[in-house]
Each structure stands twice: as C-alpha cells, then as structure tokens.
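Quick notes on the structure that follows.
Only this structure's heavy atoms are used, side chains among them; waters, hydrogens and symmetry mates stay out. Lettering of chains follows the sequences in order, A, B, ..., and the numbering in each one begins at 1.
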Amino acid sequence: MRPILLQGHERSLTQIKFNADGDLLFSCSKDNVINVWFSHNGERLGTYEGHNGAVWTVDVDPESKFLVSGSADNQLRLWQVATGKCLYTWEFPTAVKRVAFNEEGTQVVCITEQRMGHQCAIRVFDINTEDGAKQSKEPRYMFNPIGSKATVCAFTLQPNIIITGHESGKIALFNVKSGEEIENNERAHSEVVTDLQLSKDRTYCITSSKDKAARIHDTKNLMVIKTFNTETPLNSAALAPNRPYVLLGGGQEAMSVTTTSLRQGKFETRFWHKVFEEEVGRVKGHFGPINTIAVHPAGTCYASGGEDGFVRVHHFDDTYFKAKPYGDLEIFD
Amino acid sequence: MSEPTNQIDESIDYSDIEAKYQVHFDESFDNVVVVDGLPVIDKAKLDKLVSKVVKEFSKKGVLIKADDISMPWDNAAGKSKGYMFVEFRNVDDANLAIANLHNHPFDAKHTFKVNYFADIERYQDFDETYVEPEQEEYTPREHLRAWLADPQGRDQYVTYRGDEVLIHWHGKPSQCEVAYKPEWKDFLYVAWSPSGTYVATLHRQGVRLWGGPSWKPQQRFAHPLVKLIDFSPCEQYLVTWSNEPIVVPEGATQGPQYFSPDDEGNNIAVWNIKSGDLLRTFSTHSDGDPTPVKKQMQWPALKWSPDDKYVARITPGQMISVHELPSMYLQGKKSLKIEGVVDFEWCPLGEKDKEDANPSNGKPAKKPRENMLAYWTPEVANQPARVTLMAFPSRTILRQKNLFNCKLYWQNQGDFLYYPVEVVELKDTVMDFSWEPKGERFAIVSSSDPNLGNPGPGITIKTDVSFYQLDHGKNDFRLLRTLSSRTSNAIRWSPRGRHVVLATVGSSSKSELEFWDLDFNSDDRKEGQTEWGTGIQLLGSADHYGVTDVEWDPSGRYLATSASAWTHTLENGYAIWDFRGQELVKNIQDRFKQFIWRPRPPTLLSKEKQKQVRRNLKEYSRAFDEEDAAEESNVSAELIAHRKRLVDEWNAWRLLRRKELGSADRPQSKDESKEEIEVWIDEVIEQTEEVVVE
C-alpha cells in the first residue's frame, strides 16, 4: 500500500473530503487555500482561492457541481467545482467551523463559532442549484443551540433534522425549523467531539473525540452501538464502506508533546474492527497529529490529512479486500 | 426574649471539665528508691552517715540532699535497719541513681544495693510456686517455596505502581493472572531475595520480609530509614544500609533483634534472616580516615562468598576485611592488608563445584573447592598494577597478572575471570560487558563516540557491540562478530545462555530492543564445524519507548522491559516479550515504578536427571502440545461464539434500519459502473542539447 503524498498545503490540514464518485479529493487547510486532487494519482486539479483566513471546513454536493467552504474570515463561500470560481459569499459575525450538504445537495447547514459576544449559531441555507451565483442572502432557518456550543454537524435521513456534536461531548438531534432539540446523549463523549461522519445510508454515524474514544451511534435514537477506546486524543474517525473497519486518527497536540518524546510512530491511522471493537492494524507516516481522515465512497482508498501539512492517499491492496481475518462471517455494511 | 445569659451559665455542669483538669498529686513511688547495704548504726552516727551517702551519690553524678533521705529506725534496738529511702524529684533521676549506684562499693564491707521502692513491694508479693511453662504447640510453617510447585510451571513477577503492589503469575496467555494483591503500605520499593524465597519491602521503620503461599510477614529487621538492602547468596543473611547513622534513643527496646547503644553511628547492619537477629553493624566511613571524601558509595558494600561462609569488606587503598559467619568475627583475627587495593570479587560457585560439594548417587565426596577472591591493585610505588587471585581461607596466592585499569567480571560458573586487556586491545571505551551465563562467550559494548562522557539531552551515543568466544584450539578468546553503529548500551543474556538482547536504555530518543540468537544454526554445528561466527542471527527487533529496565525471566523464555516513573514520567509501564521479540503483554500505566521477576533457586535435579529430561524432550513436549491444542480450541471456540453473537447483533440492527429505510427511501443505484481512467504519462528520460558545428 504505497501512499501518494499530496504536498499542496503550507499549513496543517483541517478537513478533507471525497466527492460522491470518489475521483476527486478536496482538502482545506489553515493556509487559506482549498485544493482539489485526482484521488487515483494525486495530481492536483486546481485550487479555490479567495478566503482570507484558515479554511476550517469544506463539503461537496452529490453531483460534484458545487463546493461550500467555511473559514476563519467569517465567510461561507459557494464555489463552482469545475472552474474554481467563487459563486457566492455569505458573511457572518464569527468564523464558520463546519459546513455540510444535505443528501440531495439542495441545502447547506453551517455552524458559526461562539465568539466576541456572539452565540454559536446553526444556519441552513437553500441552494439555488440552477444558477449558483443567485443565492438568497438570508438563511432559511437559523437558531442558537442552547448549552455547549456545536462543533460538528450533518443532515440526517429525515428532512430538516440534523445531528450535531458538541464541545461538552454531547451528541444531539435538532429540528432546524424550530431549533428544538429532539434527542440528545449528554454522555456520548466526555470531551469535545472532533469529527462526525455518516454511513452511506445515513442510518448511523461515527464520532471521534478528544476523550480518546470513537463511537458509532444510531442516528435515529442516538444510541451508542460501538465504542473504540484508544490511548491518544482523536481528531477524526471514518467508516470504511464494504469492509467492517473504522479508521481513527489523532495524536497528542503539538503543544502537549514534549520535544523529547517526538515520535513519528505515534501519529498513525488506526484500523479497528467495526463490530468486534478490536484494533486490527495501523498505518504510519505523518509527522504530526492526524487532523482528518476520509475514505473513498467505494472503499477502495483512504486519505489522511495531518498537522504536518501533508495529505497521504493510500490505495488499498488486494489483500485488504480478500483477507478474512475473522473467518467467514457476513457483516452487513 | 431569652433569659439573661448569666442564668444559663449557672445551669451548666462543669464537673466533667473540673475533673479533667484537676491537679493530681503524684502518688506513685516510682521516684523513690531503696538503698540497701548500708552499715547498721546508732543515732549518734546518723548525720555522719547521711552526709557520707550524699557525697557518695554526688560523686556518681546523682545530686541529693539530706532532706530527701529518710531512714527507718529500729527503736527497740536503737539501731538503724541498714537501709534508707531516697526520694527524687522525678523518675529520670531515680533511674540514673539505680544505673550509677547499684552495686556501688560504699566501703570495704558495704556495697549499695539500689532498687525501686515499687519493685521491693512487687517481688515480695511474688508467688514462689513453680509453674511448669506451657509447651508452645508446634505450628508447621508454610512452605516458602510453594510457588515452585505450580502445576503449570509458571513464573511470578511483582509490579509496583503508585502505591499498589501486585504479584502476578506469568505463563501461557490464558494462565496469566494476579497471584496476590498485598496491602503493603508506605514503603520505598520491593526486592526479591536471590532465590525468590522472600520478598522484601523497605519501610521507614526497617525491612520486612514476606513469603509463603499466604504472603504472611516472615521476618522484620528494625533498621530505621533503610535505603538499600542486599541478601547473601544462600538467603541466610541480609545487609541493610541507611544514609542516616544509627541512633538508639533512650528507652529503646533492647534485645538480639535491635540495635544496642554500641551500634550508634554505624549505618550498615548484618542480620540473620531466619532468627531476625542483628549480627553486627559497620560504618561506611572508613575508620581513621581523616578527610571523609564524598564518594559514590559502592553497593553492595559487603561482598559475600558464594557459600555464605564469609563476607568481605574493602577499605580502599588499605585492606580487605573478611568476616566469618555466623559469628561475624574477623577471619583469622586479621584483615588482608593489601596496599592500594581498589576492587575485589569473590569467585562464584559453579554447578560442578556444587555437585562436588553435595555429591549425589554415591559418588565419593570431594573436598569442596576453596573460595577464591580476585582483587586489583593499581600501580603503587615500584609495583605495577595487577590482578591477584587468592584462595581463601588459606590465603595462598594462586596467580598474579599485571594489568592496567580494569573492572572484574566473573563468569557465573567461576571458570573465567574477565579482564579486558588480556583478550583484546580495545581502543574504544568499554561501556558494558557481560558473560554468557554457563557459556564460553561474552559480549562487550564499546564506543568511540566523541559525545561519550558528556551526556546531554537528546544525545544518543553510537556504540559497537562485539561477541567473543573461547577458541579451544588456541585457548584464547576470538572475536565472533562485531555489530557496528548501534545505539545499544545494555547487554542482557538469557539466564540459559544462547539468547541475548541488546537494548538502548535510558535514552529519550532511542529505545530499541534487538533479540539475537548466537546458535541459530546449532543443528548444523553438531554435524560438523561450521564457519566461525555464522550462528549469530537477529531474531527480531522491537521498540519499547522510554525503556529503563530490561530483565529476563528466570527460565529464559520471556523478557520484560519496563519504563519506570523513577527515571522519567513518559509512558511508564511494562511489556513482556518472548525470546524472539514478539510482544506478549503491554501495560502502559501512570506512575509505574518497578517490575521484577521472582528468581528461582537452582534446580534440584542432578546432571544425569537433567540429561534424561533433555533426551526425552520429545515425549514431554507432546504432552504439552496436546495441552496447548486443547486450550487453544477451547479459547477459540469461546471467542468464535462471542464474535458470532456480536455479528448477529450488528446484522440484526442493520437489517432493522435497512427495512425502515427501504420502505421510505428510493432504491439505491446498485450497479455502479466503474470508470476507466487512462493516464498518459510522458516522462522525459534524458534531454541533450547538442550544438552541431558545421
């Protein structure tokens, strides 16, 4: 499994995303730039330039037509994937920490930071898919989640219901229309939720947290289905489609790593068995904590973005698909 | 409104408080002593006698006045009764008087007999009929080596983490369990005795030994603030050391198990383990040394002969003092005066020697070999530096050899003594040296790194590791192989020889473990002589971050590495590896301090028996293999069932969700066509520009 090293960022990665076909990989970083790459060979297709602050988050619609990005310059931008043109810009009082399309690509949810007297806000925008440049300035819905601020979010199966992860470790379901908290699990994690990724059918999701654990939750009732306990704070967790594995990434933050214990080996992508909750393997390579992991929608490769500013794309070997380390058990995806 | 407060005051009952603070008159007679043995006098001589007695008392440092003395009088005879009462201000003065004046000769005929007044009364009431002392019933003691009878042949180890000590069994993965969780509190560290019979804990008050299957306290040694201990090789004696000199407070318990005032100021004590008696104390400050130089103390300060018969102590530059046991007298009533002596070692007792001493199967008992000790003296005056081998107690010099600057290492069978200069002229500094146990090989770590000697953070010293073997043809040691440019600084031979682990310990950036086998193709070697040094093979390498201690288990099957919180606080914990370098157990625990295998005593099987076992190894191993297989299938059946259940649960949940989804959702596009991407790669292999000149 030879990795492809994508060297296009000057600062640490914040999020990476495959498009629905899996041929493109979007990466954003604290260096204000969003890059798009061919996932099969690591060639850079282009960049999306315009943000004036660290880009915290990106998402791409199911048709790979539009890209949304949120940044520390308080902007949410809509881009044309093919041309790299910025179609529309929304301005907010605080930084945009997380964006996500709904399944159809008709709506975008975004979380803005709680700062300078402004509360953490969740907004949902309708996206005009016909003419990308003509968007409504005002959000369709907006509300301020009560209590701990939200850090990650995604649309669930049901219309207008989003799932959120919070700074306190809480996972919750919100009705965006009313801003009402439908369901919550206060004790999902004991520290900030750092990532939330949905399964293909959106019936379950995996969350990672600084509390060193990752968990699979049922998106319907927020029940914890599986728990993966590691020994380092986790920044990202991803589900591997078609294979019963989850990928976890993290590492001690640069500040808390004493200079003497700097070890390359610590910053590994960990593969855990989704059902048995056992670690099955590790892939090393990053020189700093892993900030974000994404898996190809068909499960044929994965990419990890690190604090070291590199994206590493790994195409799985044949053995990965053929191996049956736990015998002949059929595990549904 | 409430009543005036003074009324309330009156109602309070003070009687309890008054009773509590009531001043009691001292009604005891502890401060009164009876002085007997005085001359019988008549009235006229009373004043004279009293003043004489007062004088006699004050001569001995006990000040009394004539008023304190009362003399009972036999009025009928008009004479004194020959004794008097003296009242002191307090008990301490009375104690002093008894200590100083009891049996004190007053004059030629009279001797003072000074006793407590209270004692006289007590002894008077004493019942004089003899009562047969009850015979204490014999309670069989626990078998201290019961752990060796473990049916699974497991080894034990102790871990100390935070305030918690655990004793574990270590065997096959399914047989590892906690053997005992002691409730020992407030101690410095734990230590096993050399054969594993006892485990010692060092407390503020002294050392405590525990053992037996119930881990009951077996013995204790009251050496306050003890810091270091050392067992004698046969576990008969214990040496304790404290940096604080011994102080015996007044009124301290006295007895064979306690320090007496004679021991004050010393800081090394030798104890008998079985009886708990103190044998002798020493001071680490050499006697008559005018300038006590603060030097690194050598530990063990007392070196035991391998049979526990002698213990020796060095006064650097002057002599070696050898004491006999159990009397602890100086052997031959004099020390070995050796000018300039720097270091010495006893020669260990080999298996052969032991066999000779305790013959089995009717062989005639040979005279046991005499103990030997080797010592090194540097260049003094006209005498060159040399190593001397001396037999003991006959004190005959067996051999002498002139050698420079060295440290002494005996091979564990006592067949060889290593001094580096004889074998090889090494240009580099030797950092570590180690004999192969029971073998004819040794390994040395040497370094020519310029950073050697000025350690700093992040500096890893490059080292070379070399193996040497005795070449029988030449009767000399020959280099087997040198592994260059390592970082290893520690050599750990398996207690059975053959396997060796090279480790990088105490480094913050490197923590490699290398597992080597020196007889990798030993099967070939039996058939015919193979090439020199080809048997060395790296079996595996591993890494234990921040490792501080590396230790083989007594059977040579497992290796334990630990990172102790005493050295650093990064990823403390321990790991156990097999001899090939496969990790078996890893526990990362905060505040982890100590890991020690329980040592095993030497085998009780005779050489013949051992050979027999080795011959029939296949038969034995078959039984073990069957056991293993049975266990494995057992475990795996359990595990498979567990996994099956997990998968079933998962699948059931997935099906439920899918059904819900299917009813509401549109069909998913199942036939995902794979897109073929053709990539043309133009690679310029070489580009040359040529200027064609016409």
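- In terms of non-hydrogen atom pairs under 4.5 Å with chain A, the most contact-rich of Leu655(B), Ile588(B), Leu646(B) is Leu646(B).
- Contact annotation for Glu278(A): only side-chain heavy atoms (C-beta onward) come within less than 4.5 Å of a heavy atom of chain B.
- Side-chain contact between Arg486(B) and Thr463(B) is present, with heavy atoms from C-beta onward closer than 4.5 Å.
- The aromatic rings of Phe595(B) and Trp597(B) lie perpendicular to each other, with more than 60° between the two planes, well past the 30° mark.
- A cation-pi arrangement is present between Arg658(B) and Phe332(A) under the rule of less than 6.0 angstrom and at most 45 degrees off the ring axis.
- Of the two parts of Arg654(B), only the side chain, counted from C-beta on, holds a non-hydrogen atom closer than 4.5 Å to a non-hydrogen atom of chain A.
- Ion pairing between a basic and an acidic side chain is recognised when a charged N comes within 4.0 Å of a carboxylate O; Arg580(B) and Asp578(B) show such pairing.
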